[in-house]
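Note sheet for the following structure.
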Amino acid sequence: MQAAPIEKKSKSYSPDEATQDPQGLDEPLQSLVNLLNETFEVSYCLMLCFDGEKNSKLCYRSQTTFVSDNLLDLSYRIVDDYQPILLQGRPIVFYDRDCLFPLFVQHPVKTERIRSLLLVPIIYQYSYLGEIFLYSCDRDRQWSEHQLELVRLLVEQCAIEIVQSQLKRQIQQQKSRQKLLWQIERKLNSNLAPEIAIAETLALVGENFQVDRVVLFRLDEKTSQIEKEWCSSDKIPLLSTLNISLWEELRILTFKKRGKVSQFDCKLNELIVSFANVPIFIKEQLFGCLALQQSISRKTFTLEEINILKSIAEQIAIALYIAQTQKNLKKLEERAKNLELEKQQSEAANQAKSEFLSHINHELRTPLTGILGFARMLKDEIYGSLNPKQQQYVSAIASSGEHLLSLVNDFLDIAKIEANREELFLETLPVEDLCIASLSMVESRAREQGLDLRLEICPGVDFCHADRRRIKQILVNLLSNAIKFTEVGSVTLKVQRQENRLEFCVIDTGIGIEPADREKLFQPFQQINNPLSRKHKGTGLGLTLSRKLAQLHNGDITLVSEEGKGSCFTLHLPI
């Protein structure tokens, strides 16, 4: 008969750790042992069987006899020595007078005065479950075929009872674990603060798995720290007060195992401590681990327990993620409130600035209009002729007044845009008419400087959608600047189509602009420091205003320039 191999004898199978008269065992198993003892009138009846996970053995003995550690040790030794025969499902009969007893157990045999032994393996559907020992001390027992058949039937009944007992225990454990998972899920999904919910979850885990400590670690590739910790009693000190090097060991082990569950023993304050280390992932990123620690005795966690711990770790990961998300949301809400407050303050400041500039504009425009009107009247000599010096002064007054009026107008336009009070009146405009009208306004100035003024409209360019007055203002500003900084050569207005936008390019053959000065051009009150800029008056607001107007059209103005060879300012407008 084939059977699953049993493990070699290890410390988990030693007499010290086999459970004699275990608590809560099924009554049918104990009754069968008693029945075997009474039916065959043996001195000792002993049954050793694996528990559900086969990591230790349970010992049943007849109630009328006392099984010593010496006899229990003998039983283990015999099982180890005769494994091959037992795995075949064959019973073995030992007699004191023959040589079947191995030499290394001769002394225990004499101490217990054993005369014979019937050893029967317990096998159920190719699974090896344990052994039945029937010891006789009063005589050399002869076992008949009928007796052996009866023993076999009773052992088969033992096998059935063992399997049923294991299944019953597994069902009870599963119910207990499912209840634990339900309690933890309910706890983590409650209205408790995340820190409190996680702390109470660690307590549930520790109590259910009967360990000394449960520790939630936060780990990364360089550091480790304890987030939460639970201890079974006040007598067990917190891990955070004991051994920081252990944290480092956990961190190294966690990353070495690449996030897999691990079990290990380590020495902590002269105690051997057993650890089960379950990694915790948040959004596929390793957050840390859930560590269960037992220091009273070594503990090996079963596969089922490991799977339960994995499920718990996943629930804790979800709770940590929710807590992290809530914390981030609070930060975002706080930031949004601050931004809203800043926005309100900014809008109030812009409104105040707009009202102030509007008031100043009104206060400046009124006297300026009068000054310019009187200057024109004097310049036209309506009320009498002027001598050359007077004509010079009146012309200077008119020129300065017009410059000041232009500055005030630019101030007002920028203030309206920044206060979101500028409204565009969009319409479909013929590009050629728009360009000709803009060029006509700067034609006389270009002619005075001896510059060629050119217009190039590429094929396929016909209409644009824009505010007529504002687009014309942008083009005139760009053309005026080009003429101002070009001494010889030409100024060209070229219009072309690029994908989903129109490009109005103002190209000159002037002095060009140094790279260091290009960033200053679109900032208010910034002018390039060169002889031509000192020669021509300017407010330093033209390009700033032009770019803001372009951006109101969902466009922009860009610059390409090479020092000494000219510049190209391009207005980009969406089609």
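Residue numbers count from 1 along this sequence.
Within the model, atoms CG of L292 and CZ of R213 stand 12.0 Å from one another, a figure rounded to the nearest 0.5 Å. A distance of 10.5 Å separates CG in N277 from CG in L309, rounded to the nearest 0.5 Å. Expressed to the nearest 0.5 Å, how far CD1 of I316 lies from CD1 of I184 amounts to 6.5 Å. Taken from CD in E456 to NZ in K494, the straight-line distance is 6.0 Å, to the nearest 0.5 Å. Of the inter-residue distances, the one linking E562 atom CD with E514 atom CD reads 12.5 Å to the nearest 0.5 angstrom. Note that the NZ atom of K228 and the CD1 atom of I196 stand 8.0 Å from one another [nearest 0.5 Å].
A side chain to side chain contact (heavy atoms under 4.5 Å, CB included) with L341 is found for one member of K343, Q345, K337 and no other, namely Q345.
In this structure, E432 places its CD atom where only 12 or fewer heavy-atom neighbours from other residues, nucleotides or ligands lie under 6.0 Å away. Other residues, nucleotides and ligands place no more than 12 heavy atoms under 6.0 Å from the CD atom of E423. Crowding of Q183 atom CD: a count of heavy atoms from other residues, nucleotides or ligands under 6.0 Å exceeding 12. No more than 12 heavy atoms of other residues, nucleotides or ligands shown are found within 6.0 angstrom of CE on M441.
Side-chain atoms of N208 never come within 3.5 Å of backbone atoms of L204 as a donor-acceptor pair (strictly under, hydrogens ignored). T509 contributes a side-chain N or O that, together with a main-chain N or O of V488, makes up a donor-acceptor pair within less than 3.5 Å. Under a 3.5 Å cut-off, the side chain of S440 and the backbone N or O of A437 do form a donor-acceptor pair. The backbone N or O of F425 sits less than 3.5 Å from a side-chain atom of D467, completing a donor-acceptor pair. With hydrogens and angles ignored, the 3.5 Å screen pairs a side-chain donor or acceptor of N387 with a backbone N or O of K389. Formation of a donor-acceptor pair under 3.5 Å by the E305 side chain with backbone atoms of T302 is found in this model.
Q449 places none of its side-chain heavy atoms less than 4.5 Å from the side chain of T486. Looking only at side-chain heavy atoms (C-beta outward), H553 and I471 come within less than 4.5 Å of each other. F287 is not listed as a side-chain neighbour of Y321, based on a closest heavy-atom distance of 4.5 Å or more. Side-chain atoms of C289 and I280, non-hydrogen and from C-beta on, never get closer than 4.5 Å to each other. With a 4.5 Å cut-off on side-chain heavy atoms, F569 and I513 count as touching. Counting heavy atoms from C-beta outward, L439 and L475 have side chains that stay 4.5 Å or more apart. Between I557 and T570 there is no side-chain heavy-atom pair separated by less than 4.5 Å. Side-chain atoms of D462 and V431, non-hydrogen and from C-beta on, never get closer than 4.5 Å to each other.
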Which is it for R335 and K331 under the side chain to side chain contact (heavy atoms under 4.5 Å, CB included) test, yes or no, and what are the steps along the way? CA-CA 6 Å; R335 185 178 177 187; K331 289 182 180 179; over 6 Å; no
Verdict with reasoning, L180 to F209, per side chain to side chain contact (heavy atoms under 4.5 Å, CB included): CA-CA 10 Å; L180 172 64; F209 285 89; 3.8 Å; yes
Between S490 and L453, is the side chain to side chain contact (heavy atoms under 4.5 Å, CB included) condition met? List the steps. CA-CA 6 Å; S490 63; L453 205 56; over 6 Å; no
Step by step, would you call L188 with I318 a side chain to side chain contact (heavy atoms under 4.5 Å, CB included)? CA-CA 9 Å; L188 293 175; I318 294 171; over 6 Å; no
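L502 approaches I575 most closely through the heavy-atom pair N-CG1, 3.8 Å. The nearest pair of heavy atoms linking I507 to C568 is CG1-SG, 3.8 Å. Nearest heavy-atom pair, V442 versus S480, reported as atom, atom and distance to 0.1 Å: CG1-OG, 3.5 Å. Across every non-hydrogen atom of C464 and F504, the tightest pair is SG-CZ, 4.5 Å. The minimum heavy-atom distance linking L290 with I312 is given by the pair CD2-CG2, 4.2 Å. Looking at every heavy atom in both residues, Q473 comes nearest to L549 through OE1-CD1, 3.7 Å.
Judged by distance alone, the side chains of R501 and Q498 never bring a donor and an acceptor atom under 3.5 Å apart. E185 and Q315 share no side-chain donor-acceptor pair at under 3.5 Å. Between E381 and Q391, the side chains place a donor N or O and an acceptor N or O closer than 3.5 Å (distance only, hydrogens not considered).
Between R447 and E443 there is a salt bridge, with a side-chain nitrogen of the basic residue lying less than 4.0 Å from a carboxylate oxygen of the acidic one.
Counting only residues at least two apart or on different chains, the side chain to side chain donor-acceptor pair (under 3.5 Å) pairs with a member in residues 190-206 are K187-E200.
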